Amino acid sequence: MARRRFVDPLTKSEQQALTKAYHQSEKRALRRRAHAILLSDQGHTINQISDILQVRRDAVSRWLKQWETLGLDGLADKPRSGRTPILDEHDNQRLKEMVVEQPHQIRSLQARFQEETGKTVSTVTLRRALKKNDLSFKRIRHSLKARRNERDFRNTQGLLKALQQQEDEGEHELYYFDESGFSQSSSVPYAWSPVGQPCEVTAYPRSRRLNVLGFLSHAGKLVYHTTTESVTAETVIEAFDTFVAQKDPDTFAVVVLDNASMHRSMAFRRKIVEWMSHRVYLIYLSAYSPELNLIEILWKQMKYAWLPLSAYLSFDRLCNEVHRLLGGYGVLHAINFE
């Protein structure tokens, strides 16, 4: 009869170390090997441990020997050298320089890199290398930064910061005004779906449009006006008249808005003095500075995060969902501008 093989009886400290490794180690292999030593200490044979852990018998035998020779260190995997990287430090640096010139053409980048270095690499390897170099693949954005006056932008930024501080101190209310449109042909958000079965909504080459004119405060207040008609200077004036009428007559309100032609029209400018008599003052943003208008964040959240896909099934449903979100702002949904 073959002699049964067990580890030497464990000390209390060894039991504690093995138990900790078994329950808390990030490495699955170490947890399993520590478990094997504990089972052996409890009287389980090598064959029994092999059945319990679903591993080969010789693997269990090897673990027992490693424990007896090196202790817990003998159960951990040794560092592996691995395959020599295809791209060295110089290659990675050159790749970063080349991608600046061709940021959106991975195959052209691949061909040029191979021609210059003589190394054949797959697009998968190139993408992995770019990610390791802190680069990410994102949709290119349109930007107005090149057209704006940076000094005006910084001055406006400082003014808004001061106005916000004054609102926090109770001197006035600060609102950001803008218009946005919602239609069934609008850009729809990204969504998770089974591979090969993308989510789909009906494409509408033309769709009616629900226009929203909103006043949003940093403190969470939202005043809005909607219409299915085209937005004109008269529409904007009507929205401001509604805002003035619902405002506390004893409260100062500052409204920030952009330089759209409707906001600079003669009819609109004639109303400014009247609104000032009701303690409503207007501040125009520096040109080409949409990121300073906080209500732009609201429009983005509504279109790409809050609106359900079912809203696009019909125009009536879209209108109902938009009104639901607007009416529930601050309760159902809110934005933390901090």
Side-chain angles (χ1 to χ4, degrees), residues 1-96 99 106 119-138 189-197 199 301 304-306 331-338:
M1 181 177 179
R3 184 172 66 86
R4 294 184 176 182
R5 171 91 162 81
F6 301 99
V7 295
D8 293 334
L10 300 177
T11 65
K12 185 175 181 179
S13 61
E14 288 175 335
Q15 287 180 339
Q16 290 176 342
L18 286 165
T19 301
K20 182 177 180 181
Y22 172 47
H23 289 291
Q24 300 179 17
S25 175
E26 296 180 357
K27 302 294 184 179
R28 178 175 178 272
L30 179 57
R31 294 198 303 270
R32 187 167 55 178
R33 293 164 190 168
H35 191 193
I37 305 305
L38 290 170
L39 289 173
S40 179
D41 181 60
Q42 294 167 9
H44 291 80
T45 65
I46 290 179
N47 287 337
Q48 290 173 335
I49 297 172
S50 174
D51 291 338
I52 293 171
L53 300 182
Q54 293 295 296
V55 295
R56 291 166 56 92
R57 185 184 186 284
D58 57 346
V60 178
S61 180
R62 184 171 65 254
W63 297 342
L64 301 186
K65 291 179 181 178
Q66 290 171 338
W67 164 257
E68 292 172 340
T69 304
L70 299 172
L72 191 60
D73 290 341
L75 302 181
D77 285 326
K78 302 299 183 290
R80 300 178 182 180
S81 59
R83 187 180 70 174
T84 303
I86 298 175
L87 306 180
D88 57 27
E89 184 176 346
H90 174 75
D91 292 331
N92 280 294
Q93 180 59 38
R94 183 62 188 128
L95 193 59
K96 289 177 68 174
V99 80
I106 189 69
K119 295 184 177 180
T120 302
V121 292
S122 67
T123 56
V124 173
T125 299
L126 284 181
R127 292 178 189 276
R128 188 183 301 118
L130 292 172
K131 288 181 179 179
K132 286 183 177 180
N133 281 285
D134 297 324
L135 295 169
S136 61
F137 192 71
K138 295 181 180 179
Y190 287 87
W192 293 102
S193 63
V195 175
Q197 302 177 39
C199 293
Q301 284 295 107
Y304 296 102
W306 297 347
V331 178
L332 299 176
H333 297 282
I335 298 172
N336 180 6
F337 295 106
E338 299 301 330

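Computed from a predicted model, the values in this text were never measured in an experiment. Along the sequence shown, residues are numbered consecutively beginning with 1.
Remark: Lys131 NZ to Asn133 CG distance equals 13.0 Å, nearest 0.5 Å. Distance CZ/Arg128 to CG/Leu87: 10.0 Å, rounded to 0.5 Å. Atom NE2 of residue His35 and atom CD1 of residue Ile52 lie 6.5 Å apart, to the nearest 0.5 angstrom. Considering CG of Asp51 and NE2 of His44, their distance stands at 10.5 Å, rounded to 0.5 Å. The line from NZ of Lys20 to CG of Leu72 is 10.0 Å long, rounded to the nearest 0.5 Å. In this structure, CD in Gln66 is found 6.5 Å from CZ in Arg33, a value given to the nearest 0.5 Å.
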Check: Would Ile106 and Val99 satisfy side chain to side chain contact (heavy atoms under 4.5 Å, CB included), going step by step from the backbone distance to the final call?
Finding: CA-CA 8 Å; Ile106 189 69; Val99 80; over 6 Å; no
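A distance-only check finds a donor-acceptor pair linking the side chain of Ser50 to the backbone of Val55 [under 3.5 Å]. In this structure a side-chain-to-backbone donor-acceptor pair under 3.5 Å is present from Asp41 to Leu10. In this structure a side-chain-to-backbone donor-acceptor pair under 3.5 Å is present from Asp88 to His90. Although no hydrogens or angles enter the test, the distance criterion places a donor-acceptor pair under 3.5 Å between the side chain of Thr19 and the main chain of Gln15. Judged by distance alone, the side chain of Arg57 and the main-chain N or O of Asn47 form no donor-acceptor pair under 3.5 Å. No donor-acceptor distance shorter than 3.5 angstrom exists from the side chain of Gln24 to the backbone of Ala21, with no hydrogens or angles considered. Side-chain N or O atoms of Ser40 include one that pairs as donor or acceptor with a backbone N or O of Val7 at under 3.5 Å. A donor-acceptor pair is defined here as one N or O able to donate and one able to accept, closer than 3.5 Å; such a pair exists between the side chain of Lys119 and the backbone of Ile86.
The shortest side-chain heavy-atom distance between Ile37 and Leu75 falls under the 4.5 Å cut-off. The shortest side-chain heavy-atom distance between Tyr22 and Leu30 does not fall under the 4.5 Å cut-off. Between Leu39 and Gln48, every side-chain heavy-atom pair lies at or beyond the 4.5 Å cut-off. Using a 4.5 Å heavy-atom threshold, the side chains of Asp77 and Lys27 count as separate. Residues Trp67 and Leu18 are in side-chain contact: their nearest non-hydrogen atoms beyond the backbone lie under 4.5 Å apart. Val121 has its side chain out of reach of Asp91: every pair of non-hydrogen atoms, C-beta onward, lies at least 4.5 Å apart. In this structure, Ser61 and Lys65 have side chains that are in contact, with non-hydrogen atoms separated by less than 4.5 Å. Between Trp63 and Asp58 the shortest side-chain heavy-atom distance does not fall below 4.5 Å.
Partners of Asp8 under the salt bridge (charged side-chain N to carboxylate O under 4.0 Å, His left out) rule, at least two apart in sequence or in another chain, do not exist in this structure.
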